[in-house]
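Working notes, structure below.
What you see is a predicted model; the values in this text were computed from it and never measured. Just the heavy atoms: all of them, side chains too, but no hydrogens, waters or symmetry mates, feed the values below. Every number for a ligand or one of its atoms is a count from 1 in the order of the listing.
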Amino acid sequence: MASALVVALIATAAPASAAPTPAAPSTVAPAAGAAAEPDRQPTAVGYGGAVSTVDPTATAVGLEVLRRGGNAVDAAVASAATLGVTEPFSAGIGGGGFFLYYDARRRAVHSIDGRESAPAATTATHFIDPATGAPYDFAEARVSGLSVGVPGTLATWRDAARRWGTRPLSSLLRPAIGVADGGFVVDAMFRAHVAENLTEFGQFSSTRDLYLPGGAPPEVGSVHRNPDLAATYRQIARRGVGEFYRGPIGGDVVAAVNRPPLAAERPHWPHLIRPGAITAADLAGYRVRRPAPTRSDYRGLDVYGMAPPSSGGVAVGEALNILERGKLRGLPRAQALHRYLEAGALAFADRNRHIGDGASRRTVRRLVSDRYAADRACLIDPARALPKPVGPGDPNARPGGCASARPAGSPTEGQSTTHLTTADRWGNVVAYTLTIEQTGGSGIVVPGRGFLLNNELTDFNFTGTQGDAADPNLPGPRKRPRSSMAPTIVADRGRPILALGTPGGSTIITTVLQVLVSRLDLGMDLPAALAAPRVTQRNTAVAPAEAEFLATPEATALTALGHRFELRPEIGAVAAVELWRDGRMLAAAEPARRGGGAAAVVRPR
Ligand code: GLY
């Protein structure tokens, strides 16, 4: 249920055409009198539209947009803009993402690639220290202007709203402006995200001023306001997205990247803070792309995902095709999980070798073909885990091989990002994953603008990872770093039945896969599939797993097959919507991970 707070915000936020509120310094005041957080419930069933996000305020905003007659695209954009305020360490207009949309009228799935791109001056040695010839330490690369890619999030919102929405972007930004101006109550997760970035955020005057009031993370229960971001959104609402890509906001982004706003007194940081080289021309030249989504059939269903530069659609599709070679339903749970783990490793080996920005459509098509899956599936031995890492296959070779090349490296990425899923009464569905890469991105808040810049370029491999073979994910001019983001829509005879996605770096792929397998094969309902303990095998010798998983009899049985596990406190934060034949929708979010997500429907059952 949308809270009174959100209804009030939508009704009373200054219209986009009103004069901007002067950007007062951000404040963190005691919570007395502050609006309470909207309901946080992990599941909701009913009619008329559904929203699932990691955050109750963002969910309530999306729900209110649906209630007022907006469609799934309107709700997704309004929720995402709100996440830019309440979840600023995971996503915002300083980052990028992938938007997957089912258009009910045309019965077609479309996508927007709003991934950040490298500046035109980028070379393959972008992350090699010229002084030593060695790659930068990850932290040094991350907290710098060097890691910042040209943001794509605003261009995504504009494209989605124009092509498929029913409201102008200016009106979809309005609730988020209200939240940024009016403030929201800081929860434990928000504080924890600041606390884990204490040293990084302390390097920059703008970031410190916004997120370290009095030099410390904001207290749980205090109210966080971001008037600079409210003013930025308002300026965009009034004058358009050109303010960002060709105007003064973009000018401030270029300045912050080229001359990071260092604080006068900084906590010890063992690295140089290096400038980047984004230019005004890089911003002006940014365009979203509209690739055809990947499609693979799985046990009679169509599974749609993101094409490169995300590896999400390809890897999830390939792994499903591998699993489809045999029945999972009815197998002992440990044997089903064994196949899930092996399929993940095989798909990751291929993703690492073959997928990067510019991967050909032919390669993508072959990687998600049943024919190729047959060659990969035959490597799986039910009685013994494959030694990891496994080698990639060759999707362009003649079929019938059952062979793989020499193993190569398995790069992994960070844990940040966010995902939201929406559906409306007309049957349109959105699965949208967006990010600024690491939790806290590059650590640089654009001075006076209230948003963090991404460190997405660290999703490139700093040096080749594929031995003698070419690495498809080295930096290059205007190239987009490979992603693992995997917004996914599953359709049955052309009608969507499930949409989902998750944050979690490269674990995104296996989390989406595990939820799909749990729901479609292992007989769990959607809330149970989300709650089930997670394990992620991304072609590494040891697979991270949650504590609850390690305590299961299946973990013991899998260890006997040769799998090795290590503890990872938490994997992913799924937000999903299921669409039932009787017209009802089930919105599902995490019951516990990341502090619990928020699911809602317009008219509860
Ligand atoms: N930055 C996380 C991803 O793109 O997968």
Please identify which atoms of ligand 1 are closer than 4.0 Å to at least one heavy atom of D459.
1 (N), 2 (C), 3 (C), 4 (O)
Atoms of ligand 1 close to M485 [distance to a heavy atom under 4.0 angstrom, numbered from 1]
3 (C), 4 (O), 5 (O)
State which residues pass salt bridge (Lys or Arg N to Asp or Glu O under 4.0 Å) with R208; sequence neighbours excluded, sorted by chain then number.
none
Salt bridge check, [Y] against [X]: does any charged N sit closer than 4.0 Å to a carboxylate O?
{"X": "D357", "Y": "K479", "value": "no"}
{"X": "D187", "Y": "R191", "value": "no"}
{"X": "D113", "Y": "R290", "value": "no"}

Under 3.5 Å between any N/O of R115 and any N/O of ligand 1: does that happen in this structure?
yes
Polar-atom distance check: T417 versus ligand 1, any N or O pair below 3.5 Å?
no
If we only count heavy atoms from C-beta on, is the Q514 to T536 side-chain gap below 4.5 Å?
no
Are any of the heavy atoms in R482 under 4.0 Å away from ligand 1?
no
